[in-house]
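Take a look at the structure set out below.
One is the number of the first residue; the rest follow in order along the sequence. Counting starts at 1 for both ligands and their atoms, in listed order. Note that the structure is a prediction, hence the values are computed from the model and not measured.
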Amino acid sequence: MSTHNTFRRITTKSLYLLKQKGKKISALTAYDYLTAQILDQAGIDLILVGDSLGNVFQGNDTTLSVTLDEMIYHTKAVSRAVTRAMVVADMPFMTYQTSPNEAFRNAGRIMKETAAGGVKIEGGEIMAETVKKITENGIPVMAHIGLMPQSIHKFGGYAERGKTDEEALQIKKDALVLQEAGAFAVVVEKVPAGLAKEISESLDIPTIGIGGGAHCDGQILVTPDMLGLNVEFHPRFVRHYAKLAQTINAAVSSYINDVVKGQFPTEEESY
Ligand code: KIV
């Protein structure tokens, strides 16, 4: 159990008010203490401990193997660093789909053990009962619709969702039903910008887009992607704000060179 004071952090209410005032919400992912500290000090509104850690931290092809204990481990590290941002932890595959009670029990573990401010679950209308159960018992839930990486085997790939009228209608319905069930925000992933705009306009709660265009109420990216650490992954919705892979490569090459040539450490760097 964390002993950190989390009362000064951004809350679901602050995010709701940002939308009402027409102000955009900034969100990024983090999986470790130092990154979370940098994001928080830079002024990010929401930090998601995403199960994308299965890809970018663990090197897996999908997020499916991520466990609840792993999410708790990473969320604890992130939470220790954060004083201002809202911290949300992803519920991993098979920790909330089996029943609302099971979902509530597992969401409760996250809240008790990590000092997160809420959990995120993937799924549309089908998750309404679960969202209701968790939120009615005091745990904020961020929903996630459109492309849902935990359903990747059902979708058959990471292609854009909501391109057919039928699918677009279902996604719009999903958003409304999840708001009704008590979700405080909804991540809208990889859908046409026009559809994300319609959803954003139809909801009181904020939409957080990733590949959802400019009309979402906020934006989220996977931090290693936007920092240019994950060079092999560059879909069009990711903007590189830095080239950290190159920066790290150059720094490590200099270090190797200095060590090999006996130029590190110097006397001043020794005891
Ligand atoms: O797992 C994750 O990082 C996510 C974001 C991409 C929204 O779900």
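- Every atom of ligand 1 is numbered from 1 in the order shown, and the set under 4.0 Å from a heavy atom of His144 is 8 (O).
- In terms of protein heavy atoms, atom 4 (C) of ligand 1 is closest to Leu48 CD2, 3.5 Å.
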For residues 146-154, run the donor-acceptor check on the side chains, cut-off 3.5 Å, and write out each pair with its distance to 0.1 Å, sequence neighbours left out.
residue	atom	partner	partner atom	Å
Gln150	OE1	Tyr96	OH	2.8
Gln150	OE1	Gln97	NE2	3.2
Gln150	NE2	Asp51	OD2	2.7
Gln150	NE2	Met91	O	3.2

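- Residue-ligand proximity, Asp51 to ligand 1, at heavy-atom distances under 4.0 Å covers atoms 1 (O).
- The shortest N or O to N or O distance between Lys120 and ligand 1 is under 3.5 Å.
- Counting non-hydrogen atoms of other residues, nucleotides and ligands closer than 6.0 Å to CD of Glu180 gives a total of 12 or fewer.
- Shortest contact from atom 3 (O) of ligand 1 to any protein heavy atom: Ser52 OG, 2.5 Å.
- Polar contact check, Asp90 against ligand 1: a nitrogen or oxygen pair lies under 3.5 Å apart.
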Assess the residue pair Ser79 and Arg9 against the criterion (side-chain hydrogen bond (donor to acceptor under 3.5 Å, both in side chains)); give the C-alpha distance rounded to whole Å, side-chain angles, the decisive distance to 0.1 Å, and a yes or no.
CA-CA 11 Å; Ser79 220; Arg9 287 187 190 163; 3.2 Å; yes

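- Phe93 and Tyr73 fall into different hydrophobic clusters, where Ile, Leu, Val, Met, Phe, Trp and Tyr are joined by side-chain heavy atoms under 4.5 Å apart, directly or via other members.
- A parallel orientation is assigned to the rings of His240 and His234, their planes being inclined by less than 30° (bins at 30° and 60°).
- Of the polar atoms of Tyr31, none of the N or O atoms is found under 3.5 Å from an N or O of ligand 1, judged by distance alone.
- Ion pairing between Asp45 and Arg84 holds under the 4.0 Å rule for side-chain N and carboxylate O.
- Looking at ligand 1, you won't find any N or O of Glu122 less than 3.5 Å from one of its N or O atoms.
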Stepwise, does the side-chain contact (heavy atoms from CB on, under 4.5 Å) test hold for Lys261 with Asn257?
CA-CA 6 Å; Lys261 290 188 174 152; Asn257 191 47; 3.4 Å; yes

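- Contacts between Thr29 and ligand 1 below 4.0 angstrom, taking non-hydrogen atoms only, involve the side chain exclusively.
- Nearest to atom 6 (C) of ligand 1 among the protein's heavy atoms is Ile210 CD1, 3.6 Å.
- Taking a 6.0 Å sphere around NZ of Lys24, one finds it holds more than 12 heavy atoms contributed by other residues, nucleotides or ligands.
- Taking every non-hydrogen atom of Gly50 and a distance limit under 4.0 Å, the qualifying atoms of ligand 1 come out as 1 (O), 2 (C), 3 (O).
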